[in-house]
Amino acid sequence: MAAKGTKTDGRDGEAAVPELSYEESREELNTVVRRLESGGLSLKESLALWERGEELARVCEQWLEGARAKMAAAMDERREDDPPADADTPF
C-alpha cells in the first residue's frame, strides 16, 4: 500500500510516484513542524502529525532523488558529447 501523498504506478515492485509536488510537500511539512513545535497537542495528535511529517519527508526525498538522477544523467550525456579540456574541470 502506498503512503499517503504517494501513488503507485500500477506495476508491482515499482517505487511509488509522489502525488504532491515537492513544493506542496515541503510547505505541508513546514506546517507540521510548526504545529509540533507549538506544543499543546495530545500524544495521539502529536504522533499522527509526526507520522505525516515522516511521509512528507519521504515524498520530498523522492523528488530530490529524481532531480539528482536527472541532473547526473544530463551531466553524463554532456560529458560524452563534449568532454572538458581539463580533466579536473567538472563542467
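Residue numbers count from 1 along this sequence. Quick caveat: nothing in here was measured; it's all calculated off a predicted structure.
Of the possible donor and acceptor atoms, none in the side chain of Trp50 sits under 3.5 Å from a partner among the backbone N and O of Leu36. Glu51 contributes no side-chain N or O that, together with a main-chain N or O of Ala48, makes up a donor-acceptor pair within less than 3.5 Å.
Under the side chain to side chain donor-acceptor pair (under 3.5 Å) criterion, Glu54 pairs with no residue, sequence neighbours left out. Every residue was checked against the side chain to side chain donor-acceptor pair (under 3.5 Å) condition with Glu27, not counting sequence neighbours, and none meets it. When the side-chain contact (heavy atoms from CB on, under 4.5 Å) test is applied to Glu23, the partners found at least two apart in sequence or on another chain are Ser21, Arg26.
The residues Arg58 and Glu61 are annotated as not salt-bridged, no charged nitrogen and carboxylate oxygen being separated by less than 4.0 angstrom. Arg35 has no carboxylate O lying under 4.0 Å from a charged side-chain N of Glu45, or vice versa, which leaves the two without a salt bridge.
Leu41 and Leu49 make their closest contact through CD1-CD1, 3.4 Å (heavy atoms, listed as atom of the first residue, atom of the second, distance). Looking at every heavy atom in both residues, Gly53 comes nearest to Leu29 through O-CD1, 3.5 Å.
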side-chain contact (heavy atoms from CB on, under 4.5 Å) between Glu55 and Val59, intermediate numbers included
CA-CA 6 Å; Glu55 292 170 2; Val59 171; 5.7 Å; no
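Separating the CG atom in Leu56 from the OH atom in Tyr22 is a distance of 11.5 Å, to the nearest 0.5 Å. Atoms CE and CG, on Met71 and Leu64 in that order, are 11.0 Å from each other to the nearest 0.5 Å.
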